[in-house]
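As structure tokens, the structure follows; a few thoughts come after it.
All heavy atoms count here, side chains included; hydrogens, waters and symmetry mates do not. Bear in mind that the values here come from a model prediction, so they are computed numbers and not experimental data. Per chain, numbering begins at 1; letters A, B, ... match sequence-line order.
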Amino acid sequence: MWRDTILVAGKDLRIEIRSRVGIWQILPFALLTLVLFAFALGPDASTLRSFAPGLFWLAVLFSAVLTTQRSFAIESDEGTRDGMRLLGIDPAGIFLGKALAIAVQLAILQVLLWAGITVLFGVRTHTAWIAITASLLATVGLACAGVIYGALSAGLRVRETLLPLLVLPVLAPVLIAGSKAWSTALSGAGSGGTQWLRILAAFAAVYLVVGVVLYGPLQEAA
Amino acid sequence: MSTKVTPPAIHFRAAVALAGRFPALAGVDLNVAYGDVAVFLGANGAGKTSLLRACAGLLPVTSGDAVILGCDVVADPLEIRRRVGLLGHAAHLYDELNPVENVRFVLRAARSDIARADPALQRLGIVGRLRKTQVGRLSAGQRRRVVIAGLLARSPELWLLDEPHAGLDASTRELLGVLIEEAASSGATVLLSSHEPELAVPLADRVITLAGGRVVGETTGGRKRVRSLTERSRADVA
């Protein structure tokens with residue numbers, strides 16, 4: 001399983017590096033989301049600072065949907081999804097590999113968005129460990145949930161429009177817990193963030209286990 | 001004294017497979033021995049592609065028996081997929097990767113030696129700058145050759161070729177015939193579907209006609225006739 005995980009993740013990341021969709025489309029989209037929300041909220045610095053965590057996580061969520069769509073789009077080209085099934089790769093390995101590739105991309109994106117909100121909204125991170133832990137846990141949860149729902153919609157003609165509808169409501173706990181944890185991290189009130197980290201950890205654990213167990217049947221049914 | 005009977009490589013008995021609610025296979029009865037080359041002929045929608053996909057464990061058989069290479073397609077499709085190679089209508093390639101990377105991915109996934117990629121690509125004429133060109137920039141015929149190279153490098157026990165001659169130039173069609181013969185001679189079983197009997201029948205031991213998702217007829221192919229003649233002439237010389 002681990003060998004297949006590395007194989008699939010390596011392949012997906014290599015394709016993303018070659019296609020540059022992440023750099024030229026998803027990252028600009030995420031930054032644009034931040035800027036447009038900032039325009040909508042107005043120029044008041046304290047308002048922007050207070051909304052910064054929520055805006056950050058909205059941008060991450062939207063980008064996670066795009067990254068997941070992209071991850072499954074490369075498997076839909078010319079029937080490569082069938083090709084992957086035909087190679088007899090362990091479904092759990094495919095799930096973990098795709099989730100790992102998405103997680104790596106989301107982690108890089110979050111670092112850049114973090115820099116973005118620091119520059120645009122003038123926020124300072126007082127309790128960095130909470131922000132980093134929240135991001136890591138949320139990244140695992142977003143990637144795992146994304147791959148599960150991506151697999152569910154992969155075989156359908158309407159997958160591009162269906163995936164956001166399916167996955168965004170499911171990701172609401174990540175948006176809420178991530179925003180709250182980051183609010184705590186930015187304000188410096190460290191102790192209040194741990195309960196939100198627990199929620200993010202539970203979300204990640206549930207989707208990780210569900211994905212490993214159910215990805216095979218999902219892949220066959222899609 | 002009892003003679004040991006070798007089970008067939010492909011065994012279907014009253015096999016039914018559904019594509020949605022449509023019975024793509026409507027009670028197929030078929031046995032193919034190891035090392036045989038069988039060609040499926042039939043009109044569009046006769047069930048040729050469905051039969052090949054069922055052999056690959058990609059189309060679930062909902063009733064009847066279906067045993068491929070000794071594995072039940074319902075119980076163990078993963079094991080079957082590891083041992084078969086399918087050349088389908090779609091290329092099964094990643095556009096952003098080059099031919100070498102695509103074939104190496106196939107080999108790594110199949111736990112095969114990646115050193116087999118280069119000779120296979122070379123044999124299919126994917127040499128020089130083509131080796132490092134992203135597959136998305138290759139012509140349809142070149143992409144098809146990359147897929148065949150992947151199949152050749154993997155050397156599966158069961159070759160499933162869905163209209164393999166489509167999109168290939170004359171020399172690659174000729175090479176494909178040689179590869180099929182080599183695979184069968186080495187003990188692999190080859191099933192191919194075709195709309196070009198003049199190309200496919202000479203390669204085959206058996207010519208099986210499908211209609212309405214069923215086997216409706218069978219004749220002897222060119223390979224079997226040649227083998228029979230060769231064996232008879234050898235016997236005459238002896």
Find the distance between [atom1] ([X]) and [atom2] ([Y]) and round it off to the nearest 0.5 Å.
X: A:Asp90; Y: B:Arg82; atom1: CG; atom2: CZ; result: 7.0 Å
X: A:Arg14; Y: B:Asn98; atom1: CZ; atom2: CG; result: 8.0 Å
X: A:Arg85; Y: B:Leu58; atom1: CZ; atom2: CG; result: 5.0 Å

Next on the checklist: Minimum heavy-atom separation for A:Leu87 and B:Ala109, please, with both atom names.
Outcome noted: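 The pair with the smallest heavy-atom distance is CD1-CB, 3.7 Å.
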Item to check | Minimal non-hydrogen separation, B:Leu97 against A:Lys11, with atom names | outcome: CD1-CG, 4.0 Å
Item to check | Evaluation steps, salt bridge (Lys or Arg N to Asp or Glu O under 4.0 Å), between B:Arg111 and A:Asp4 | outcome: CA-CA 10 Å; B:Arg111 274 86 167 137; A:Asp4 288 339; 2.7 Å; yes
Next on the checklist: Using the side-chain contact (heavy atoms from CB on, under 4.5 Å) criterion, which residues pair with B:Ala153? Sequence neighbours excluded.
Outcome noted: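 Checked B:Ala153 against side-chain contact (heavy atoms from CB on, under 4.5 Å); matches are B:Val103, B:Leu107, B:Arg116, B:Ala120.
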Checklist entry - Does any pair with a residue in residues 108-136 of chain B pass ring-ring contact (aromatic ring centres under 6.0 Å, His included), and if so which ones, sequence neighbours excluded? => result none
Item to check | Over 12 non-hydrogen atoms of neighbours within 6.0 angstrom of CZ in B:Arg214 | outcome: no
Item to check | Contacts with chain A made by residues 72-81 of chain B (heavy-atom distance under 4.5 Å), listed by residue number | outcome: B:Leu78, B:Arg81
Item to check | Side-chain (A:Arg3) to main-chain (B:Arg108) donor-acceptor, under 3.5 angstrom | outcome: yes
Checklist entry - Side chains of A:Glu75 and B:Tyr94: does their closest heavy-atom pair fall under 4.5 Å? => result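 Yes, at least one pair of side-chain atoms sits under 4.5 Å.
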In a table with atom names and distances, give each donor-acceptor pair under 3.5 Å that connects a side chain of residues 19-26 of chain A to protein atoms at least two apart or in another chain.
| residue | atom | partner | partner atom | Å |
| --- | --- | --- | --- | --- |
| A:Ser19 | OG | A:Ile15 | O | 3.2 |
| A:Ser19 | OG | A:Glu16 | O | 3.4 |
| A:Ser19 | OG | A:Val21 | N | 3.4 |
| A:Ser19 | OG | A:Arg70 | NH2 | 3.1 |

